[in-house]
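First comes the structure, then the notes that go with it.
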Amino acid sequence: QVQLVESGGGSVQAGGSLRLSCAASGHSFSIYCMAWFRQAPGREHEGVASLNTADSSRYYASYADSVKARFTISRDYARNTLNLQMNNLRPEDTAVYYCAAKARCDGGTRYPSLARYEYNYWGQGTQVTVSS
């Protein structure tokens, strides 16, 4: 029904920037809740950023504390992509980054979840490596 494909990963030095993109296809018009997750070898799966676009006049974004003020999540409806601008990258940001989505963000808040179990659709992941 919905397919997600990440791109934009690569290798950078600490302090550098990368922009990840997630191309959505299928019935992506029904998707209002999207997120980025990451997982490094030997570390737990981590929610990075999520975006609730159900309200066309006001998007709500959530960020992990570790990436606040450095990463920005956005959605480009014209290109049908979810993006993650990553600035001031650190070695600890090294991980495989996954795009995730679900139809709508559930719960009693407008701010979307960073819990992995909330999301139904997943991309294949893209590697981000930050060297010191």
Side-chain angles (χ1 to χ4, degrees):
Q1 185 178 4
V2 176
Q3 295 80 46
L4 306 173
V5 180
E6 303 94 333
S7 63
S11 298
V12 298
Q13 292 186 328
S17 298
L18 284 173
R19 187 170 187 262
L20 305 183
S21 293
C22 172
S25 61
H27 295 290
S28 58
F29 60 87
S30 66
I31 297 297
Y32 295 98
C33 192
M34 302 188 74
W36 288 96
F37 292 80
R38 66 186 182 186
Q39 187 169 28
R43 300 189 65 183
E44 294 184 348
H45 202 273
E46 178 185 21
V48 176
S50 56
L51 187 67
N52 184 358
T53 64
D55 186 344
S56 62
S57 66
R58 176 73 163 85
Y59 291 176
Y60 294 88
S62 299
Y63 295 93
D65 288 342
S66 60
V67 307
K68 286 180 179 177
R70 298 191 299 120
F71 292 9
T72 302
I73 188 171
S74 62
R75 184 169 180 173
D76 186 340
Y77 276 93
R79 297 182 182 273
N80 204 24
T81 60
L82 179 76
N83 302 309
L84 184 68
Q85 179 65 46
M86 305 185 295
N87 297 325
N88 193 24
L89 285 161
R90 305 166 179 170
E92 51 264 43
D93 294 319
T94 295
V96 176
Y97 284 70
Y98 297 91
C99 177
K102 66 182 299 184
R104 300 185 68 89
C105 298
D106 296 327
T109 177
R110 293 183 179 91
Y111 290 90
S113 173
L114 288 171
R116 190 168 192 261
Y117 68 84
E118 294 281 353
Y119 295 87
N120 306 115
Y121 304 104
W122 292 86
Q124 82 289 350
T126 185
Q127 177 70 47
V128 171
T129 302
V130 184
S131 62
S132 60

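This is a predicted model, so every value here is computed, not measured. Below, all heavy atoms of this structure are taken into account, side chains as well, without hydrogens, waters or symmetry copies.
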Running the 4.5 Å side-chain criterion over Ile, Leu, Val, Met, Phe, Trp and Tyr, what cluster does [X] land in, apart from itself?
X: Tyr117; answer: none
X: Phe29; answer: none
X: Tyr98; answer: Phe37, Val96, Tyr119, Trp122

Side chains of residues 16-25: which donor-acceptor partners sit under 3.5 Å, not counting sequence neighbours?
unit_1: Ser17; atom_1: OG; unit_2: Asn87; atom_2: OD1; d: 3.0
unit_1: Ser21; atom_1: OG; unit_2: Asn83; atom_2: OD1; d: 2.9
unit_1: Ser25; atom_1: OG; unit_2: Gln3; atom_2: OE1; d: 3.3

For [X] and [Y], which heavy atoms make the closest approach, and how far apart are they?
X: Tyr63; Y: Ala61; result: CE1-CB, 3.8 Å
X: Pro91; Y: Ser132; result: CG-CB, 3.8 Å
X: Ser66; Y: Arg38; result: OG-NH2, 3.4 Å
X: Ser28; Y: Asn80; result: OG-ND2, 2.9 Å
X: Val130; Y: Thr94; result: N-OG1, 2.8 Å
X: Ser74; Y: Leu82; result: O-CD1, 3.3 Å

Rounded to the nearest 0.5 Å, what separation is found between the CG atom of Asn52 and the CE atom of Met34?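 Between atom CG of Asn52 and atom CE of Met34 there are 12.0 Å.
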Calculate, to the nearest 0.5 Å, the distance between atoms OH and NZ belonging to Tyr32 and Lys102 respectively.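 NZ of Lys102 is found 14.5 Å from OH of Tyr32.
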With sequence neighbours left out, which residue pairs that include part of residues 46-88 fulfil the disulfide (SG to SG under 2.5 Å) condition?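 Sorted result for residues 46-88: empty, none.
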Any pair with a residue in residues 31-74 that passes disulfide (SG to SG under 2.5 Å), sequence neighbours left out, goes on the list, sorted by first then second residue, please.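 Listed by first then second residue: Cys33-Cys105.
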What pairs with Tyr111 under ring-ring contact (aromatic ring centres under 6.0 Å, His included), at least two apart in sequence or on another chain?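 Listed in chain order: Tyr60.
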Test side-chain hydrogen bond (donor to acceptor under 3.5 Å, both in side chains) applied to [X] - qualifying residues, sequence neighbours left out:
X: Arg104; result: none
X: Tyr121; result: Gln1
X: Thr126; result: none
X: Arg70; result: Asp93

Between Glu6 and Gln124 (side chain of the first, backbone of the second, donor and acceptor by atom type, cut-off under 3.5 Å), is there such a pair?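 Yes.
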If the condition is side-chain contact (heavy atoms from CB on, under 4.5 Å), which residues does Leu114 pass it with, not counting sequence neighbours?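 Leu114 satisfies side-chain contact (heavy atoms from CB on, under 4.5 Å) with Ser50, Ser62 only.
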Does Gln13, at its CD atom, have more than 12 non-hydrogen atoms belonging to other residues, nucleotides or ligands within less than 6.0 Å?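 Count not over threshold, so no.
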